[in-house]
Number of protein chains: 2
Amino acid sequence: MRTKIHDVARSARVSPTTVSRAFVRPALLRADTLERVLAAAKALDYHPNRAASSLSTGKTGNIGIVVPDLSNPFYPAIVRGAQLRAHQAGYAVLLVDSDEDPDAESSLTHTLAKQADGVIVCAPFASDSQLRRLAQKTAIVLVNRRLGGVAAVLMDVAHGMRQAVSHLHALGHRRCAYLGGPRASWSNRERLRGLHAGIRAKGMTLLEFGPFEPKFDGGLEGAERVIGSGVTAVIAYNDLMALGVLSHFASSGVCVPREISVVGFDDLLFASMSAPPLTTVSMPMEAAGRAAVELLLARLTGDDGGAVNATPSDLELATQLIARGTTAPPPAISSFAGCGAREGAAISRTPAE
Amino acid sequence: MRTKIHDVARSARVSPTTVSRAFVRPALLRADTLERVLAAAKALDYHPNRAASSLSTGKTGNIGIVVPDLSNPFYPAIVRGAQLRAHQAGYAVLLVDSDEDPDAESSLTHTLAKQADGVIVCAPFASDSQLRRLAQKTAIVLVNRRLGGVAAVLMDVAHGMRQAVSHLHALGHRRCAYLGGPRASWSNRERLRGLHAGIRAKGMTLLEFGPFEPKFDGGLEGAERVIGSGVTAVIAYNDLMALGVLSHFASSGVCVPREISVVGFDDLLFASMSAPPLTTVSMPMEAAGRAAVELLLARLTGDDGGAVNATPSDLELATQLIARGTTAPPPAISSFAGCGAREGAAISRTPAE
DNA sequence: ATGAAAGCGCTAACAC
DNA sequence: GTGTTAGCGCTTTCAT
């Protein structure tokens with residue numbers, strides 16, 4: 001049987017109350033008492049029982065995090081940031097993968113809410129009203145989703161997008177395509193907002209395609225649609241799609257970046273590993289995880305522990321364009337420069353032919 | 001204030017015990033009583049308080065999982081499998097990222113152990129004795145690590161390696177290189193075991209390099225060492241390294257697979273997205289996560305809930321070679337076939353020159 | 001600065 | 001099949 005508070009109390013010749021205080025409010029004890037208690041606790045290898053203290057205080061010491069799909073490389077990074085920060089603050093992290101089910105997103109969050117003091121919610125699919133209801137019952141922080149009155153960590157996607165457009169414009173591009181992601185998602189709308197602003201400011205022409213599934217296959221599909229559209233650059237909703245675009249172009253003998261430039265979003269680990277390495281807008285995923293915990297902690301520590309409280313301050317994190325190998329000046333009309341052969345099909349476009 | 005068991009009891013005109021049983025051992029109640037209680041509970045939106053029941057039963061209903069690094073794409077997959085399976089079984093999942101710190105691996109597991117009924121441990125760095133001590137205190141299941149007397153989920157890496165060697169041999173390769181990962185890790189030793197067996201069986205020649213950091217940069221480094229060694233094929237410790245190898249070869253103008261074949265391990269999401277797509281040995285990561293939970297559950301449900309118990313049955317999961325685009329017959333001595341140009345340097349090796 | 005006593009909400013013997 | 005009773009181990013007024 002594990003040692004309990006009473007054992008330590010006896011050993012340190014104090015009351016259980018004092019032992020409890022030694023862990024919860026050390027400041028209340030006289031230095032020597034504290035020391036004695038701590039020593040006894042250590043000697044007996046005492047650790048407070050979480051269930052018991054939870055029952056007593058009503059706090060669990062846990063925070064929950066819900067993500068739509070852990071196999072999407074975007075999310076583990078957020079989880080990692082959150083876990084590391086939460087751990088620093090002495091909180092444990094309960095993780096749930098909602099498997100991209102909109103209803104699961106909210107029902108699982110409800111479940112989590114009962115076992116955690118607050119929860120971080122990455123729920124691109126759940127409805128606004130579901131989330132509002134959640135926010136009523138528990139402290140929640142949204143990630144990359146804006147909902148009036150609910151705290152959120154946002155990434156300044158629109159700004160990243162404008163940087164991307166400027167980058168392309170500076171290289172000489174005038175006509176470009178956007179391969180869209182989930183139409184209704186905040187992420188996609190923000191990209192479009194920045195995109196339209198950028199395109200207008202630079203007087204460029206935009207072709208919009210999609211929505212596509214925001215994965216490799218979606219990129220394959222999108223690339224197919226882009227070919228022959230006369231654009232000299234493609235911006236994809238995310239890196240996964242951009243990688244699909246790259247792949248389709250490679251096997252169609254379209255040379256990147258000589259014939260067409262490609263820009264992604266996210267800066268996943270693999271963005272820098274592709275050939276050529278992907279130009280992309282980096283998203284501060286780990287930082288977002290950390291920030292979400294920060295916001296939650298502030299809320300939990302704040303005066304009231306209640307449900308709805310004053311203006312929750314949203315946090316907006318910066319994004320940044322990382323120019324790598326998939327962007328270059330557009331081909332001059334007159335010059336005909338191929339890529340060199342890659343996979344049979346490409347050969348028909350090399351200068352050697 | 002949330003509704004408690006007593007409220008439901010009153011509303012259903014039964015004792016609190018009966019309400020409790022309705023949730024824990026429904027079979028003990030008469031059908032109509034059960035129904036009445038459940039109805040009352042639903043009407044009052046009653047949910048048992050986890051802390052209270054934990055305190056009473058000594059069970060938390062949580063399982064923990066420790067991984068060394070969530071930003072290594074190998075681990076999120078395991079976590080995902082574990083989370084999904086645990087959730088099915090009614091368990092919540094506590095996640096910890098040990099940030100590759102050997103001591104953290106074991107100390108964090110200890111911490112987790114106090115809040116979970118059992119923990120799944122991916123700890124490539126912790127020492128055997130640390131893990132043994134852990135196993136003494138809690139139910140643990142190791143992943144990809146074998147330790148006498150401790151339950152483990154293993155992947156049959158050696159078999160996958162033999163398949164890889166056979167594949168290369170069948171293509172005509174006779175001389176190949178292995179770029180090693182962490183020297184002491186079970187994963188690396190198993191690969192070597194399969195590798196040596198395969199090489200010997202086929203009468204091939206093996207060059208071993210490393211250890212390298214099992215990441216992209218390690219692959220870059222390894223590739224450099226391989227060039228000029230006269231091998232026609234390279235097997236990398238994992239996909240991350242293989243991708244590094246591919247990248248280095250591409251920028252050195254070495255054509256894959258025409259001049260040299262490359263094989264990875266893991267079959268990460270990105271293995272199929274590289275150009276050319278990577279031939280690799282697929283590891284059943286999600287399945288391993290699920291299996292680990294299975295093993296843990298068996299242990300928790302089993303007769304004794306105690307620490308050390310009878311022969312824990314290890315589970316070995318199959319691995320499989322996925323032949324894709326980075327393996328091909330070795331170049332015939334006489335024929336000189338390039339890749340076509342890719343990046344300036346490559347041009348000097350194309351037939352056109 | 002420290003202690004005594006009363007719960008926190010639920011479960012598990014043990015009766016009936 | 002259902003109720004009574006006694007904790008699970010800790011925190012917290014309230015006294016001293």
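The structure displayed is predicted, hence computed values, not measured ones. Letters go in sequence order (proteins before strands), and every chain restarts at 1.
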Residues forming a salt bridge (Lys or Arg N to Asp or Glu O under 4.0 Å) with A:D101, sequence neighbours excluded: none
B:R85: salt bridge (Lys or Arg N to Asp or Glu O under 4.0 Å) partners, not counting sequence neighbours: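 Salt bridge (Lys or Arg N to Asp or Glu O under 4.0 Å) check on B:R85 returns B:E294.
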side-chain N/O B:T18 vs D:dG3 OP1/OP2, d < 4.0 Å: yes
Heavy-atom donor-acceptor pair, A:Q83 side chain to B:D97 backbone, under 3.5 Å: yes
Donor-acceptor pair, side chain of A:E105 and main chain of A:P68, under 3.5 angstrom: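 No; zero donor-acceptor contacts below 3.5 Å.
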Sugar-phosphate only, base, or nothing, as touched by B:T33 at under 4.0 Å among non-hydrogen atoms: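 Sugar-phosphate, no base atom in range.
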Base versus backbone protein contacts along nucleotides 10-16 of chain D [heavy-atom cut-off under 4.0 Å; B, S, -]: BSB----
NZ/NE/NH1/NH2 to OD/OE distance under 4.0 Å, A:D128 and A:R145: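 The answer is yes: the pair qualifies as a salt bridge.
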Distance in angstrom units between [X] [atom1] and [N] [atom2], rounded:
X     : N      : atom1 : atom2 : value
B:L28 : C:dC14 : CG    : P     : 16 Å
A:L34 : C:dA1  : CG    : P     : 12 Å
A:E35 : C:dA1  : CD    : P     : 17 Å

DNA chain D: 5'-proximal contact among B:L55 and B:D32 (nearest heavy atom): B:D32
Distance (rounded to the nearest 0.5 Å) between A:R50 CZ and B:N62 CG: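 If I round to the nearest 0.5 Å, the distance is 10.0 Å.
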